[in-house]
Amino acid sequence: MSGESNTKPNPTHIGVIMDGNGRWAKQRGHSRPRGHKEGAKATRAIIDACQELGIRYLTLYAFSAENWNRPDIEVKALMELLELFLNRETKTLIKKRVRLHAIGRIDELPDRARKALKKAIDATAEFDDWHLTLALNYSSRNEVLDAAKAFAQAITDGKISPNTLDWGDFSKHLYTAELPDPDLIIRTSGETRISNFLLMQSAYAEFYFTETLWPDFGKEQLQEAIACYRNRERRFGKTGEQIATQSPA
Ligand code: IPE
Ligand code: IPE
Ligand code: MG
């Protein structure tokens, strides 16, 4: 790696597509829910690692809107695990001053999981230094639809004019209105697709794909991903020469 990479900033916001729990379990002859349980351990570790490495915003893809199409028994196990995770982790989040957010169609989650989520969100609402966002029943396309509906309503109510619409206005209606765009998106398990995660917000994100399965992903792997990110040149439409002469932000 070039010495130059050390001068480039860390990502402010990392998004993670936590994939590979099922394959991790299969390789060991375990059930898929057992893989998700191990995945939850990796999730805990990554939240800690982000804090240790100074990453203020972490967004984790935990359950997609398409994941409802899995067998009922797996969906049930995932929802129970979510509830357990929230009930167990809230104290730690408070202790570490991490604010919890959720993105997705949260009102469609089972009651118990939704209540545990609300409780954790409320209990951490005062914090601002560290932000953990769980994408649950999340789909970028649903997010855009929901934003378009809210936007149309604001026009009907005379609160906004469609003629002056810009991205700043529109993005206020996305679930992520309070969050900066992700700088780095990591996907584990060797799949190189985005699976409906933060499509709009990742317009200028860097992508990092690793073969590591989610339960095996830890601080060391996160550091590798960050080192790779810091070695990239983000141009935002400009030329490499412009970027080279630009004074650091
Ligand atoms: C990711 O692991 C967890 C969720 C999608 C909820 P998977 O369950 O997708 O694991 P694989 O892809 O089957 O290995
Ligand atoms: C994406 O993983 C969703 C989560 C990690 C929660 P999937 O395993 O559901 O994605 P596909 O179906 O392989 O694209
Ligand atoms: Mg998968």
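For ligands, and for the atoms within them, numbers begin at 1 and follow the listed sequence.
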Relative to the ring of [Y], is the ring of [X] parallel (under 30°), tilted (30 to 60°) or perpendicular (over 60°)?
{"X": "Tyr57", "Y": "His131", "value": "parallel"}
{"X": "His173", "Y": "Phe151", "value": "perpendicular"}
{"X": "Phe209", "Y": "Phe207", "value": "parallel"}

Nearest candidate to atom 2 (O) of ligand 1, where distance is taken over non-hydrogen atoms, out of Leu78, Asn21, Ile17: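 Shortest heavy-atom distance from atom 2 (O) of ligand 1: Asn21.
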Given Arg193, Glu66, Glu191, Arg187, which one has a non-hydrogen atom that is nearest to atom 10 (O) of ligand 2? Arg187
Heavy-atom contacts with Arg23 under 4.0 Å: which atoms of ligand 1 show up? List them by number with element. 11 (P), 12 (O), 14 (O)
Atoms of ligand 1 under 4.0 Å from any heavy atom of Ala62, numbered from 1 in the order shown, are 6 (C)
Closer than 2.8 Å to the Mg ion (ligand 3), which protein N, O or S atoms?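 Those protein N, O or S atoms (cut-off: under 2.8 Å from the Mg ion (ligand 3)) are Asp19 OD1.
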Results of salt bridge (Lys or Arg N to Asp or Glu O under 4.0 Å) for Lys26 - residues two or more places apart only: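 In terms of salt bridge (Lys or Arg N to Asp or Glu O under 4.0 Å), with neighbours along the sequence ignored, Lys26 is linked to no residue.
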Answer yes or no: does an N/O atom from Gly22 fall short of 3.5 Å to an N/O atom of ligand 1?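 Between Gly22 and ligand 1, an N or O pair is found under 3.5 Å apart.
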Is there at least one pair of N or O atoms, one from Trp24 and one from ligand 1, spaced under 3.5 Å apart? no
So for Ser189, does at least one of its heavy atoms come nearer than 4.0 angstrom to any atom of ligand 1? no
Any heavy atom of Lys26 closer to ligand 1 than 4.0 angstrom? no
Do Glu52 and Gln223 have side-chain atoms, one donor and one acceptor, less than 3.5 Å apart? no
Look at Arg235 together with Glu233 and state whether they make a salt bridge at an N to O cut-off of under 4.0 Å.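 Salt bridge present between Arg235 and Glu233.
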Charged N-O contact under 4.0 Å between Glu191 and Arg23: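 Here Glu191 pairs with Arg23 in a salt bridge, since their nearest N and O are under 4.0 Å apart.
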Taking every non-hydrogen atom, the tightest pair across Asn196 and Tyr61: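 Minimum heavy-atom separation between Asn196 and Tyr61: O-OH, 3.6 Å.
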Show the nearest heavy-atom pair for residues Ile106 and Arg114, with the distance to one decimal. O-CD, 3.3 Å
Please check if the side chain of Arg56 supplies one atom and the backbone of Asp128 the other of a donor-acceptor pair under 3.5 Å.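 Present.
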Counting heavy atoms under 4.0 Å, the part of Arg70 that contacts ligand 1 is side chain
Per-residue contact class, Asn67 against ligand 1 - non-hydrogen pairs under 4.0 Å: side chain
Among protein heavy atoms, which sits nearest to atom 5 (C) of ligand 2, and what does the distance come to when rounded to 0.1 Å?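 Going by distance alone, atom 5 (C) of ligand 2 is nearest to Met18 O, 3.5 Å.
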Ring-face cation contact, Trp68 with Arg70, 6.0 Å cut, 45° max: no
Find all atoms of ligand 2 within a distance of less than 4.0 Å from any non-hydrogen atom belonging to Phe63, and give their numbers and elements.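 In order of number, 6 (C).
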If I apply the N/O under 3.5 Å rule, does Asp19 come out as touching ligand 2?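 So ligand 2 has an N or O lying under 3.5 Å from an N or O of Asp19.
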Pair Asp183-His13, side-chain hydrogen bond (donor to acceptor under 3.5 Å, both in side chains): steps then yes or no: CA-CA 5 Å; Asp183 303 294; His13 183 179; over 6 Å; no
